[in-house]
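What follows is a set of notes on a single structure, which appears directly below.
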Protein chains: 2
Amino acid sequence: MDVREALLEAALKVFAEAGMRGATTRKIAQAADVNEVTLFRHFRSKDELIEAALAGFAQRVETRVLPPTPTDPRSELIAWCGFHHRELHKRSALIRKAMGEHEEHPSHCAQGMRASVRVARELTEYLRRLKQAGLATGDWDEAAATNMLMGALFADALGRDTMPDRYPYSMRAAVQHYVDLLLNAIGAGDVSPASRGRTSR
Amino acid sequence: MDVREALLEAALKVFAEAGMRGATTRKIAQAADVNEVTLFRHFRSKDELIEAALAGFAQRVETRVLPPTPTDPRSELIAWCGFHHRELHKRSALIRKAMGEHEEHPSHCAQGMRASVRVARELTEYLRRLKQAGLATGDWDEAAATNMLMGALFADALGRDTMPDRYPYSMRAAVQHYVDLLLNAIGAGDVSPASRGRTSR
DNA sequence: AGTGTGTGCAAGTAACTACTTGCTTCCATC
DNA sequence: GATGGAAGCAAGTAGTTACTTGCACACACT
């Protein structure tokens with residue numbers, strides 16, 4: 001079953017480069033170093049192959065866990081956001097292409113969205129815990145705060161290569177900026193100032 | 001020159017639905033209610049047509065102005081963000097497709113980005129004015145705060161149709177949430193509380 | 001009345017697409 | 001050593017694509 005894996009991996013790569021229409025069976029077969037006919041022996045159609053490749057990718061997306069009992073929100077969030085920001089950036093080409101397929105192949109797009117929903121839920125629940133533990137105050141909406149932070153990471157990861165003017169700071173600094181802004185926004189900005197001074201801003 | 005305009009408009013519409021590869025000259029000509037040959041009499045190639053259509057669109061994108069001397073940041077930002085949020089949402093299909101073309105047709109993608117950079121600059125300068133006027137405090141980064149708010153609007157506009165679970169609030173409420181969070185983040189949360197109670201949160 | 005200019009229409013070209021068929025070759029297992 | 005499955009290879013099918021050519025028509029100006 002080595003060939004099947006090679007085909008799935010190649011399909012993901014070519015899809016990320018060229019999208020659904022541009023990912024021809026010939027290109028995929030070449031990328032997998034396999035005869036084009038073999039592709040159709042493993043998958044009934046190109047659609048089936050791409051779908052399987054995207055589903056496999058979405059399943060493999062790792063969701064980092066945030067601590068069940070928050071102690072240092074700033075460093076915890078920076079670690080978590082840093083990880084997901086890097087993942088988003090690494091996969092930005094694939095994400096752009098999958099989003100572009102939304103009108104024509106909604107199922108392809110939906111595969112990728114599932115992972116995003118999972119990650120967002122993890123953050124929402126962490127923010128709820130922060131509020132319950134008294135580490136954050138105010139009457140802000142949990143879903144909105146989640147989407148604000150994740151939206152910033154998402155737009156940054158996708159836009160920083162295409163609009164360098166808008167992102168003059170490094171990826172590392174970006175995460176710190178967004179986390180600090182969010183912590184201020186949810187009334188958790190002045191907790192644990194000791195850890196705050198330690199990292200460069 | 002009516003036909004030329006019809007072709008540009010049709011090209012933009014078909015491109016938003018199907019992307020570069022899917023926007024065939026036949027489809028565009030049909031959408032413009034024009035013979036396919038006529039398309040090639042006005043534009044040397046399909047590439048040239050799409051490029052012109054996207055350039056025209058990027059040029060037409062309206063940039064709302066933020067007041068030179070801020071008085072009520074919350075309502076001023078809500079009005080400004082509400083407008084751009086609606087515009088982003090209206091054009092989300094086009095934006096998704098243009099972003100997907102980044103690898104294969106960077107110039108197409110870049111056309112759209114120019115407008116985004118313009119809009120972002122307007123917000124950055126407003127935030128700077130807020131800080132100078134003493135309406136916002138803290139040592140936050142202006143570009144980061146800009147990108148945080150615009151990233152939230154951008155991700156919301158593009159994701160709310162494909163991931164309704166993540167956006168349980170209305171578009172109107174979304175803008176208020178993000179603006180309130182940002183104002184808190186930049187130490188401008190408790191100014192003009194009168195106007196704050198007026199709108200539903 | 002004549003002369004462009006812009007358009008429609010029918011047809012064709014050359015390249016590419018997903019997918020198929022028939023045959024050969026390798027290689028592990030019985 | 002025979003058998004079966006998995007792979008390669010060459011070729012072909014039917015459809016689509018961007019783009020071209022040649023000709024006819026209709027309208028505007030002189």
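Protein chains get the first letters and strands the later ones, always in sequence-line order, with residue 1 at the start of each. Everything numeric in this text was worked out from a predicted model, so none of it was measured.
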List the steps and the verdict of side-chain hydrogen bond (donor to acceptor under 3.5 Å, both in side chains) for A:His177 and B:Asn147.
-> CA-CA 10 Å; A:His177 281 139; B:Asn147 289 333; over 6 Å; no
Charged N to carboxylate O below 4.0 Å: is that the case for A:Glu125 and A:Arg128?
-> no
Sidechain N-carboxylate O distance under 4.0 Å for A:Glu104, A:Arg21 | yes
Round to a whole Å and report the spacing from CG of B:Leu39 to C1' of C:dT7.
-> 13 Å
Backbone of B:Gly100 reached by a side-chain donor or acceptor of A:Lys97 within 3.5 Å = yes
Quick one: the dot-bracket string of DNA chain D, using Watson-Crick and G-U wobble pairs with both distances under 3.5 Å, [ ] for crossing pairs and | for bases paired to another strand.
-> ||||||||||||||||||||||||||||||
May I ask you to decide if B:Ala120's main-chain N or O and B:Thr124's side chain share a donor-acceptor pair within less than 3.5 Å?
-> yes
Rounded to the Å, how far apart are A:Ile50 CD1 and C:dT17 C1'?
-> 14 Å
Return the set of residues passing salt bridge (Lys or Arg N to Asp or Glu O under 4.0 Å) with A:Arg96 (not counting sequence neighbours), or none when no residue passes.
-> B:Glu103
Between C:dC16 (P) and A:Gln30 (CD): distance, integer Å | 12 Å
Would you tell me if any nitrogen or oxygen in the side chain of A:Asn35 comes within less than 4.0 Å of OP1 or OP2 on D:dC9?
-> yes
Figure out the CG/C1' separation between A:Leu49 and C:dA18, and round it to whole Å.
-> 12 Å
Once you round it to whole Å, what is the distance between C1' of D:dC9 and CG of A:Asp33?
-> 15 Å
Given atom NE2 of A:His42 and atom P of D:dG5, what is their separation to the nearest angstrom?
-> 14 Å
Counting distance only, does the side-chain N/O of B:Glu101 pair as donor-acceptor with the main-chain N or O of B:Met20 below 3.5 Å?
-> yes
Which nucleotides of nucleotides 11-27 of chain D have their base under 4.0 Å from a protein heavy atom (B), which only their sugar-phosphate (S), and which neither (-), written as one string 5' to 3'?
-> ------BSBBBB-----
Do A:Glu51 side-chain atoms and A:His108 backbone N/O form a donor-acceptor pair below 3.5 Å?
-> no
